[in-house]
Amino acid sequence: MAMRAAVAAAPRGFRRFFCTNTASSPFPFVPPPAAGATSARQMADPNTNLFVSGLSKRTTTERLREEFAKFGEVVHARVVTDRVSGYSKGFGFVKYATIEEAAKGIEGMDGKFLDGWVIFAEYARPRPPPGQPMQNPTPYYGGQ
DNA sequence: AGTGAGCGT
């Protein structure tokens, strides 16, 4: 179901609304998830970068910044938009000055409303740092 | 198109 996919993708906080307690499950056949599928994808290492999803299409970068700035010093904020169309993709990134501010930003904005949509704030995944030489070097021919 | 899960121009 699409709903379970949303639950699985729910970055911590909304899972309790669907799976409150396994001990009070009406079915005694509760598969133990503590075999290796504990938490790997939706949990990231705490850093100053925050991944904010569930944004409205109308939510802009400055709106995202001023909303997350209430919980800490926002160093960088960006709503990911399509390069060609320029429209928002519905998610963005917010970078705080410190990790503790990022934690307060998550606890303060995760599951909250923004422009009519419930947004999800969590730690962003580490991005492949640039430094690799140009993988597509322009062929340098002597003539034209 | 203004899609609805996700990880960046």
Side-chain angles (χ1 to χ4, degrees), chain A residues 1-27 29-141:
Chain A
M1 302 175 179
M3 185 170 142
R4 293 185 56 87
V7 173
R12 79 167 226 191
F14 263 41
R15 287 184 283 104
R16 54 188 176 90
F17 288 153
F18 302 94
C19 185
T20 307
N21 191 0
T22 54
S24 63
S25 179
F27 302 100
F29 311 101
V30 178
T38 46
S39 57
R41 192 174 68 255
Q42 60 258 46
M43 290 297 291
D45 297 330
N47 54 76
T48 57
N49 259 20
L50 259 60
F51 172 71
V52 184
S53 59
L55 294 177
S56 174
K57 303 294 183 182
R58 302 170 296 189
T59 304
T60 180
T61 298
E62 56 184 10
R63 184 61 190 268
L64 188 70
R65 177 187 287 258
E66 74 181 30
E67 285 296 324
F68 277 81
K70 299 187 298 186
F71 301 94
E73 181 76 14
V74 176
V75 176
H76 183 66
R78 165 164 58 237
V79 172
V80 178
T81 55
D82 189 65
R83 188 167 54 95
V84 292
S85 61
Y87 295 130
S88 175
K89 289 184 179 177
F91 64 93
F93 294 91
V94 175
K95 169 177 270 192
Y96 281 98
T98 60
I99 303 182
E100 55 186 7
E101 287 178 332
K104 292 190 298 183
I106 291 180
E107 297 296 327
M109 290 301 296
D110 184 44
K112 298 303 183 299
F113 279 88
L114 185 56
D115 290 335
W117 284 82
V118 181
I119 67 176
F120 300 98
E122 59 183 348
Y123 296 107
R125 296 174 179 159
R127 229 172 81 175
Q132 268 49 317
M134 191 65 75
Q135 193 173 0
N136 186 11
T138 304
Y140 188 75
Y141 299 130

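Scope of the values below: all heavy atoms of this structure, side chains included, with no hydrogens, waters or symmetry mates. Labels below follow one simple rule: chain letters A, B, ... track the order of the sequence lines, proteins then strands, and each chain is numbered from 1. Quantities reported herein were computed from a predicted structural model and do not represent experimental measurements.
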With nearest nucleotides of DNA chain B determined for Asn49(A) and Ser56(A) from heavy-atom distances, which residue corresponds to the more 5′ nucleotide? Ser56(A)
Strictly under 6.0 Å, is that where the ring centroids of Phe51(A) and Phe93(A) end up? yes
What nucleic acid atoms does Leu50(A) come within less than 4.0 Å of, heavy atoms only: base, sugar-phosphate, or nothing? nothing
Let's see if you can work this out: which of dG8(B), dG4(B), dC7(B) has an atom nearest to the side-chain heavy atoms of Phe51(A)? dC7(B)
Separation of atom CZ in Phe120(A) from atom C1' in dC7(B), rounded to whole Å: 15 Å
Compare all side-chain heavy atoms of Arg63(A) with those of Leu114(A) and state whether any distance is below 4.5 angstrom. yes
Could you go through the side chain to side chain contact (heavy atoms under 4.5 Å, CB included) check for Tyr96(A) and Val74(A) one step at a time? CA-CA 4 Å; Tyr96(A) 281 98; Val74(A) 176; 3.8 Å; yes
Distance (rounded to the nearest 0.5 Å) between Ser56(A) OG and Leu64(A) CG: 12.0 Å
NZ/NE/NH1/NH2 to OD/OE distance under 4.0 Å, Lys104(A) and Glu100(A): no
Spacing of Leu64(A) atom CG relative to dC7(B) atom C1', expressed in whole Å: 14 Å
How about CG on Asp82(A), more than 12 heavy atoms from neighbouring residues, nucleotides or ligands closer than 6.0 Å, or not? yes
Could you identify which residues of residues 88-104 of chain A place a heavy atom less than 4.0 Å from some atom of DNA chain B, listed by residue number, or say none? Lys89(A), Gly90(A), Phe91(A), Phe93(A)
Measuring only between side-chain heavy atoms, which start at C-beta, is Val52(A) closer than 4.5 Å to Phe68(A)? yes
What is the distance from atom OG1 of Thr98(A) to atom CD of Glu73(A), rounded to the nearest 0.5 Å? 9.0 Å
Arg127(A) CZ to dT9(B) P, straight-line distance once rounded to whole Å: 8 Å
Does anything in residues 73-85 of chain A come within less than 4.0 Å of DNA chain B? Heavy atoms only, and list the residues if so. His76(A), Arg78(A), Val80(A), Thr81(A), Arg83(A)
